[in-house]
Amino acid sequence: MKLINKIFLSLIALIGIINITSCIDASNSLGTSFIPTNQDISIMMDEFELPVTMKVSDSIQSYSSSYLSVGSINTPEFGLVNLAAACDICPDHDTLEFKGNPKFKSMTILMNISKMYAVEQSEINIIQNLYAYQLKRPIDTLDIYNNSMSAEDHEKEIISQGLPIISNDSVIILKVKEEFGTQFLSATSEELDSLDLFSKRFKGIYIETDVQNPNIYGGRINYVDLSNSYAALTYERTDSTGARSDTTVTFILGYNYSANMNSTSSHHLATDEPTEEIYLEGLSGVKPYVKGKDIRAIMDKWAKKNEYNLNDVIITRASIVLPYEYPDNYKKLNYFPGNIYACQRFADDSIPFYTPLEEVYDNTVTRGDNNRSLLEYRLDINHYLQELIRMDADEVGIKQDLWLMPLSESESSSSSSSSNNYYDYYNYYNYLNYYSYYDYYGYGNYYGGYYNNFYNNSSSSETYYTTDYVNYYIAKLNGNKSDNGPKLKITYSYVK
C-alpha cells in the first residue's frame with residue numbers, strides 16, 4: 001500500500017511540473033530588435049569544383065639554424081632528389097688563443113643525426129659515403145635558398161682521411177686531414193675574437209653523399225642536429241712550465257651561418273591541364289597550384305547566377321578541400337605531410353619567399369590537417385577569399401595565386417615585447433585590412449580583438465608557422481578529372 005501511495009504522489013508531482021512548464025510561452029522574436037529592418041542576413045553554404053594545377057616551387061627558403069640535411073632519394077613518380085649542406089666552423093668561446101708554438105695533432109668532426117627519412121623502411125639501414133669539402137667562400141645572409149650554393153662553391157679535394165660512412169648509427173665521425181686542420185692554428189687574435197672575421201677567413205665546410213643510382217629506387221635523407229654536433233682540434237703546445245703537452249679545443253658547427261641545398265626532378269609533373277591525380281613533393285618539388293583568377297572567375301559566375309553583388313557577400317568560412325584515395329600500401333600515408341596550407345610567393349627587393357596566408361594565426365581556422373578518416377585535407381582561406389571578391393577583377397593577378405604547401409609549426413621561447421621583424425610588420429599591415437573590412441559590417445569587435453591578440457603576442461608568441469622547407473614529403477591527391485576532385489566550400493551571408 002505504501003508503494004502505491006508513493007507512485008500516486010509521484011504522478012501528481014509530474015503532472016504539476018508539466019502544467020507549469022506548459023504555461024511558459026516560447027518567443028521566437030528574441031533579438032529581432034537588434035537586426036536592422038532594411039537588412040536580411042541569412043547563413044548559407046555552397047561548393048564549387050576548384051581547378052588545381054601543378055607547378056614547381058623555385059628558390060624555396062631552406063635555411064635552418066637547427067639542421068643540416070644531406071642524402072639522396074629516387075622514387076618512381078617524382079624521380080631523383082639530392083640534398084647537400086654547408087655550415088661555418090667557429091670557436092665555442094672568444095677567449096681562445098693558440099700560443100706556445102702550437103703543432104697540429106688531430107681534428108675530428110662529429111655530427112649527430114637526429115632523424116632519417118627513407119621511402120622504404122628497408123633503406124633506413126643502407127650505407128652512404130659522406131663527402132666533405134672546404135668552402136671557397138664564406139656563407140652569407142643571402143644563402144637561404146635551396147639553390148644558393150653548388151659544387152662551384154667548394155674545393156675539389158675532400159678534407160677527410162678516407163671516406164666516412166653514414167649507416168643506421170646516430171653519429172658521423174669525420175677525421176680531417178692535417179692540411180685542413182692545421183690552418184686553424186694560424187688564426188690571429190683578432191680573428192679568434194670575432195666570429196665574423198673567423199668565418200670569413202676559414203669559410204666552412206660543404207657536405208654531400210653519393211647520388212642515388214637513377215635506375216634504382218630507394219635512398220635516404222639524413223638530418224644532422226647542429227645543436228649536438230661539433231669539431232674537436234687537438235694540438236701540442238709548450239705550457240707555462242716549458243713542457244710540451246696536448247690541448248683540445250672545440251668548435252661549433254653552423255654558429256653564424258648554415259645552408260641547406262636540394263634539387264628535385266619532378267618538373268615533368270608540372271602542368272596547367274586538369275589531371276586525374278595531383279602530386280605534391282616536399283622541398284623544391286612540384287606543388288598543387290591554384291590561380292587567383294580562377295577562384296575569382298568561379299565567384300563572379302556564382303554571383304551572376306544568384307544575382308548577388310559581391311561587395312555585399314560576407315564570407316564566414318571558405319575551405320579548400322583536397323581529397324585523396326587510400327594508397328595501395330597504408331605505409332605510404334606516413335610520407336604525406338601532416339598539414340597542407342595555402343601559401344603565397346612574394347618578392348621583396350627581388351628576394352623571393354613563400355609564406356602561409358596570415359590567417360594561419362587565427363585559432364578558429366583549419367590549417368590543412370591530414371584527416372585520415374575522411375581521406376582529405378581541409379584548409380581555410382576565409383580572409384583571403386573575402387579580400388579577393390572585394391578587389392576589382394582586373395586587379396587579380398599572380399600575387400593572389402596560392403601554392404598548397406606543407407606547413408611547419410615551430411616553438412619559440414622569445415619573451416620580447418616588441419619586434420622589428422619584417423614578417424611582423426607585414427602581418428600588421430594585412431590585419432589592419434582584415435579588421436577594417438569586417439568593421440564595416442559590424443564585426444569589428446570580434447576581428448579587431450582577434451587581431452590585437454595576434455599582434456600583441458606575435459613577438460612573444462611561442463608558435464610560428466612557415467612553409468616546411470626542411471622535411472621531405474611525397475603525396476598523391478585527387479585531381480580535377482577524378483570522381484572526387486578538389487573543392488572550394490563556402491559558408492556566407494548576403495546583406496540585402
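None of these values were measured; they are calculated from a predicted model.
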(Q) Salt bridge check, Asp300 against Arg296: does any charged N sit closer than 4.0 Å to a carboxylate O? (A) yes
Q: Evaluate the criterion side chain to side chain contact (heavy atoms under 4.5 Å, CB included) for residue pair Ile172 and Leu110; output intermediate values, then yes/no.
A: CA-CA 6 Å; Ile172 303 171; Leu110 292 95; over 6 Å; no
Q) Do Ser493 and Ile43 have side chains that get closer than 4.5 Å, going by heavy atoms? A) yes
Q: For Met299 and Ile490, run side chain to side chain contact (heavy atoms under 4.5 Å, CB included): C-alpha distance rounded to whole Å, both residues' side-chain angles, the deciding distance at 0.1 Å, then the answer.
A: CA-CA 10 Å; Met299 299 305 294; Ile490 64 171; 4.1 Å; yes
Q | Where Lys293 and Gly397 come nearest, the two heavy atoms and their spacing | A | CE-CA, 4.4 Å
Q. Is the number of heavy atoms from other residues, nucleotides or ligands within 6.0 Å of CG (Asp483) greater than 12?
A. no
Q | Side-chain heavy-atom pair Lys115, Asn471 within 4.5 angstrom cut-off | A | yes
Q: Apply side chain to side chain contact (heavy atoms under 4.5 Å, CB included) to the pair Leu357 and His383, showing each step before the final yes or no.
A: CA-CA 9 Å; Leu357 296 178; His383 173 51; over 6 Å; no
Distance-only donor-acceptor hits, side chain of residues 224-232, under 3.5 Å, sequence neighbours excluded:
residue	atom	partner	partner atom	Å
Asp225	OD1	Ser227	N	3.1
Asp225	OD1	Ser227	OG	2.7
Asp225	OD2	Ser227	OG	3.2
Ser229	OG	Asn112	N	3.0
Ser229	OG	Asp225	O	2.7

Q. Looking only at heavy atoms, which two atoms of Met261 and Ser148 are closest? And how far apart?
A. CG-N, 4.5 Å
Q) Does Lys287 pair with Glu281 as a salt bridge, N-O distance under 4.0 Å? A) no
Q) Counting distance only, does the side-chain N/O of Asp88 pair as donor-acceptor with the main-chain N or O of Tyr257 below 3.5 Å? A) yes
Q: Would you indicate whether Tyr63, at its atom OH, is surrounded by more than 12 heavy atoms from other residues, nucleotides or ligands within a distance under 6.0 Å?
A: yes
(Q) Can you give me the closest heavy-atom contact between Ser258 and Ser64, atom names plus distance? (A) OG-O, 2.6 Å
Q: Give me the ring orientation class for Phe202 and Phe198: parallel if the planes are under 30° apart, tilted from 30 to 60°, perpendicular past 60°.
A: tilted
Q) Would you find a donor on one side and an acceptor on the other, under 3.5 Å apart, between the side chain of Arg220 and the backbone of Ile124? A) yes
**Q.** Heavy atoms from other residues, nucleotides or ligands near CZ of Phe78 exceed 12 (cutoff 6.0 Å)
**A.** yes
Q. Side chains of Gln400 and Ile295: does their closest heavy-atom pair fall under 4.5 Å?
A. no
Q.
Between Asn339 and Tyr377, do the side chains contain a donor N or O and an acceptor N or O under 3.5 Å apart?
A. no
Q.
Please report the interatomic distance CG(Asp210) to OH(Tyr131), rounded to the nearest 0.5 Å.
A. 3.5 Å
**Q.** Donor-acceptor pair between Ser284 and Thr264 side chains, under 3.5 angstrom
**A.** yes
**Q.** Thr75 OG1 to Tyr217 OH distance, which is reported to the nearest 0.5 Å
**A.** 8.0 Å
**Q.** Ser199 side-chain N/O to Asp196 backbone N/O, donor-acceptor pair under 3.5 Å
**A.** no
Q) Counting only heavy atoms not in Glu120, do more than 12 sit closer than 6.0 Å to its CD atom? A) no
Q | More than 12 heavy atoms from other groups under 6.0 Å of NZ on Lys136 | A | yes
(Q) Within the structure provided, determine whether Val171 and Ile113 are in side-chain contact (heavy-atom separation under 4.5 Å). (A) no
Q: Can you see which heavy atom on Asn480 is nearest to which on Pro274, and at what distance?
A: CB-CB, 4.1 Å
Q. Side chains of Tyr473 and Asp468: donor-acceptor distance under 3.5 Å anywhere?
A. yes
(Q) If I take atom CD from residue Glu376 and atom CG from residue Leu322, how far apart are they, to the nearest 0.5 angstrom? (A) 8.5 Å
(Q) Hydrogens and angles aside, do Asp92 and Thr250 bring a side-chain donor and acceptor to less than 3.5 Å of each other? (A) yes
Q) Should Glu277 and Glu325 count as side-chain neighbours, where that means a heavy-atom distance under 4.5 Å? A) no
Q) Thinking salt bridges, do Lys203 and Asp153 make one under a 4.0 Å N-O criterion? A) no
Q) With no hydrogens and no angle check, is any side-chain donor or acceptor of Ser266 less than 3.5 Å from a backbone partner on Leu269? A) no
(Q) So which atom in Ala342 and which in Leu379 form the shortest heavy-atom distance, rounded to 0.1 Å? (A) N-CD1, 3.5 Å
Q. Salt-bridged, Asp401 to Arg345, with N to O below 4.0 Å?
A. no
**Q.** Side-chain donor or acceptor of Tyr335 paired with backbone N/O of Ala118 under 3.5 Å
**A.** yes
Q. Would you say the side-chain atoms of Thr366 pair up with the backbone N or O of Asp380, donor to acceptor, closer than 3.5 Å?
A. no
Q: Any chance you could measure Gln344, atom CD, to Met405, atom CE, to the nearest 0.5 Å?
A: 12.0 Å
Q | Atom pair NZ/CD1 of Lys200 and Ile139 - distance to nearest 0.5 Å | A | 14.0 Å
(Q) Treating Arg367 as the side-chain partner and Tyr465 as the backbone partner, does any N or O pair qualify as donor plus acceptor under 3.5 Å? (A) no
Q | Side-chain touch Gln121/Lys331, heavy atoms, less than 4.5 angstrom | A | no
Q: Output yes when a side-chain donor or acceptor of Asn371 lies under 3.5 Å from a complementary backbone atom of Ser373, and no otherwise.
A: yes
Q: Considering non-hydrogen atoms only, spot the tightest contact between Val290 and Pro51 and give its length.
A: CG1-O, 3.9 Å
Q. Do the non-hydrogen side-chain atoms of Lys55 and Asp272 ever get within less than 4.5 Å of each other?
A. no
Q. Which class fits the ring pair Phe336 and Tyr324: parallel under 30°, tilted 30 to 60°, perpendicular over 60°?
A. tilted
Q. Do the non-hydrogen side-chain atoms of Tyr472 and Leu83 ever get within less than 4.5 Å of each other?
A. no
Q | Backbone of Val365 reached by a side-chain donor or acceptor of Glu359 within 3.5 Å | A | no
Q.
Tell me whether Asn146 contacts the main-chain N or O of Ile60 through its side chain, where contact means a donor paired with an acceptor under 3.5 Å.
A. yes
Q: With rounding to the nearest 0.5 Å, note down the distance linking CG in Leu195 to CG in Asn256.
A: 5.5 Å
Q) Step by step, would you call Leu280 with Leu404 a side chain to side chain contact (heavy atoms under 4.5 Å, CB included)? A) CA-CA 9 Å; Leu280 182 150; Leu404 307 183; 5.5 Å; no
